[in-house]
Amino acid sequence: MPISLPTLDPVKAPVATHCPYCALQCGMNVAGGAAGAGGAGGTGTVEITPRTDIPANSGGLCQKGWTAGELLAGGARLTTPLLHGEPVGWDEALDFVADRIRALQAEHGPDGVAVFGGGGLTNEKAYLLGKFARVVLRTSQIDYNGRFCMSSAAAASNRAFGMDRGLPFPITDLAGAGAVLLAGGNMAETMPPFVRHLAAMRERGGRLVVADPRRTATARLADLHLQPAPGTDLALALGLLHLAITEGHVDGAYVAERTNGFEAVATSVAAWWPERVERVTGVPVAQLRLAVEILGTVDRAVILTGRGAEQHAKGTDTVTAFINLALALGLPGRPGSGYGCVTGQGNGQGGREHGQKADQLPGYRRIDDPAAREHVAEVWGIDPAEIPGPGRSAYELLDALGTPAGPRALLLFGSNPVISAPRAGHVADRLRSLDLLVVSDLVLSETAALADVVLPTAQWAEEEGTMTNLEGRVLLRRRALDPPPGVRTDLEIIQGLAVRLGGPADGPRGAAGFPADPRAVFDELRRASAGGIADYSGITYERVAAETGVFWPCPGTGHPGTPRPFLDRFATPDGRARFVPVEHRPPGEDVDADYPLYLTTGRVLAHYQSGAQTRRIAALNAVVSGTFVEIHPDLAERLGVSAGQRLRVVSRRGETEGVARVNPAIRSDTVFMPFHWAGANLLTNPALDPVSRMPEFKLCAVRLERVG
């Protein structure tokens, strides 16, 4: 569907690139004129068509992908820096930022300035941003919004397998499975082209089991829908493992040959007999038994988790319980079988591998590992002692902003926490308390509207770089159009600040250490990641283009890449996967007389993440234009509410309003709201997982009130 856009330049030939949205990173061709003057001038056309050579989508796109060209020009784009809301030149803006950073660090020390990144940034941006924070600013205070997306699954995978890669197998393996269990994911709305792989599996006789408190579009496709009470996924997984053991579905040879710790886990789940699980979760015993039979009686099976299972204060343990189930069934490390996490953000995988996470260095190295620090410091041309230690996790960082012991300034790239962070009203207050807030964005997001300085940045089709999709496949995002005049890339912005703050231009802290050319940055990333868990050293732009993607780890240019990393051994010291005992516990906040309902949040088909991009696209707003409150008919009757009436939703942290949607697909004790608009995250609970530091987005206690 061609999108008519203002442009000054002639139409260009199609360029093979990738979608700007989710972690499928669907292949697409972009053809059209450059963005020209950001909306001035004549009329041209940007045409988006799907690519057929990328296995993740194989010729499919969702409506977000089809309409992704609409923001490439037009009035929504920022095209000049803003200083206190007024347009200024780039030199004035960057000079102001550099002067304020110097003054604040002189008064408050290096950690007086913080950096917040995003899971949608390219690998090159994520790498250079982490390097900038540690080498130029010398601050430990850096984290990113991927902490809100994948961190619990990452922590669970690391302790079980010694490696975190969302899908440790190609997505096309799903089609050959005999069964798939999906816990807490709704790909029919969040990443529709994913569903074709599940459909191919079912067409070949495989069966799909979905666990979700809502009967979502994905659950409606399932052969079996398990509908647990919110916050009980961990108890569900424990009960499924109990049944797998008692009904003889454990692969004893696999457990003996490839794992450690099964006996302790088997003992820990002995008390989770089916009737107890039914009382806790609400899932009938017959459905529990059927789910285990489906998984345990096929040659190949896959267990997948999504945000619904992970975004809890016990998310790491919940994912661990599902991994324990997968290990008992003998799935991980077998072709066509395994455990995987469905990554959400566009570069949710690569974004956490190369240094914008508080505790990591490039190559997925731990920042407190002396050998890792020595290797990366050598690449950076500094002393290892100069690299700061671990900093605060994402919510803890946002919560500390402007406090006596916290950062006084924040540089923010590719995120909109005023909408996306839990307890969002409090986060907005913390941002307002800063002495300096600098936001790099392509539109004036809700967070950018609070900033002292806004820096207009290029977007997906206007720059080059690599992304790592949910399979661990490194892909090349090519530049298809020129950005509007006055717009710079994030790499150019980082370089401009490094030049002003980092000393000699030819030194490691100046322009030489912070190139604006993405290929030069990627070449350095390759050297920095060499020998790490996420080893990109054998990946080049040329290889990615020729092979339509290369799987990491890839430790040499002659190495084929690693589509299935666990076939021979796991990434643990002894090569064996680790069972980890976990125990169910209540949510961070349960219902009571004052707040008698569960609120759960999620996405809808037409919109993406905080909505900063999709809410500015007319075709998508025509589908869903504002927030809503989904409730069960029984609850609507008790409240005396009809569809279309306004409801007030109140939690212990705030309140918001939305239009009632009455839907029998949701449990009668549960309320659903999408988080693309201001509102839902005013209510959510920032209780953190003790391992991953993931906030409990998916569950808090609320009450409903009729408005008017």
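Here the structure is a predicted model, which is why all the values come from computation and not from measurement. This chain uses plain numbering: 1 for the first residue, then up along the sequence.
- With respect to Arg564 and Asp173, a salt bridge is recorded, a charged nitrogen being found less than 4.0 Å from a carboxylate O.
- Side-chain atoms of Ser140 do not come within 3.5 Å of backbone N or O of Gly391 as any donor-acceptor pair.
- A pairwise comparison of heavy atoms in His354 and Gly363 identifies ND1-N, 3.4 Å as the closest pair.
- Note on Arg51 versus Asp53: salt bridge recorded, some NZ/NE/NH1/NH2 to OD/OE distance being below 4.0 Å.
- Side-chain atoms of His375 do not come within 3.5 Å of backbone N or O of Gly531 as any donor-acceptor pair.
- Under the 3.5 Å distance criterion, the side-chain polar atoms of His18 are left unmatched by any main-chain donor or acceptor of Asn29.
- Under a 3.5 Å cut-off, the side chain of Arg543 and the backbone N or O of Gly538 do form a donor-acceptor pair.
- The pair Arg352-Asp164 meets the salt-bridge criterion, since a charged nitrogen lies less than 4.0 angstrom from a carboxylate oxygen.
- A salt bridge links Arg334 with Asp251; the closest basic N to acidic carboxylate O contact falls under 4.0 Å.
- A donor atom on one side chain and an acceptor atom on the other are not found under 3.5 Å apart for Ser610 and Ser420.
- Among Thr122, Leu442, Val30, the single residue meeting the side-chain contact (heavy atoms from CB on, under 4.5 Å) criterion with Trp460 is Val30.
- Panel note: side chain Asp143, backbone Ala358; a donor-acceptor pair is recorded below 3.5 Å.
- Inspection of the Arg477 and Gln25 side chains reveals an N or O donor paired with an N or O acceptor under 3.5 Å.
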message = Would Tyr541 and Phe522 count as a ring-ring contact (aromatic ring centres under 6.0 Å, His included) here? Give the steps.
response = CA-CA 8 Å; Tyr541 275 35; Phe522 190 76; 5.3 Å; yes
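- Closest heavy-atom contact between Leu137 and Gln105: O-NE2, 3.1 Å.
- Phe697 meets the ring pair (Phe, Tyr, Trp, His ring centres under 6.0 Å) test with Phe148; sequence neighbours excluded.
- Judged purely by atom type and a 3.5 angstrom limit, Gln356 uses its side chain to pair as donor or acceptor with the backbone of Gly118.
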Trp552 and Glu353: side-chain hydrogen bond (donor to acceptor under 3.5 Å, both in side chains), yes or no, with the steps? CA-CA 11 Å; Trp552 70 261; Glu353 294 169 359; 2.9 Å; yes
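- Looking at residues two or more places apart in sequence or on another chain, you find a salt bridge (charged side-chain N to carboxylate O under 4.0 Å, His left out) between Asp317 and Arg159, Arg585.
- Salt bridge Arg519/Glu124: absent, no basic N to carboxylate O contact under 4.0 Å.
- Looking only at atom types and distance, the side chain of Thr468 has a donor-acceptor partner in the side chain of Tyr536 under 3.5 Å away.
- Ion pairing between Glu463 and Arg488 fails under the 4.0 Å rule for side-chain N and carboxylate O.
- For the pair Asn416 (side chain) and Ser445 (backbone), a donor-acceptor distance under 3.5 Å is absent.
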Q.
Please evaluate residues Phe413 and Phe116 with respect to the criterion ring-ring contact (aromatic ring centres under 6.0 Å, His included), reporting the C-alpha separation (whole Å), side-chain torsions for both, the decisive distance (0.1 Å), and the verdict.
A. CA-CA 6 Å; Phe413 291 76; Phe116 198 87; over 10 Å; no
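- A side-chain donor from one of Thr305 and Glu310 sits under 3.5 Å from a side-chain acceptor of the other.
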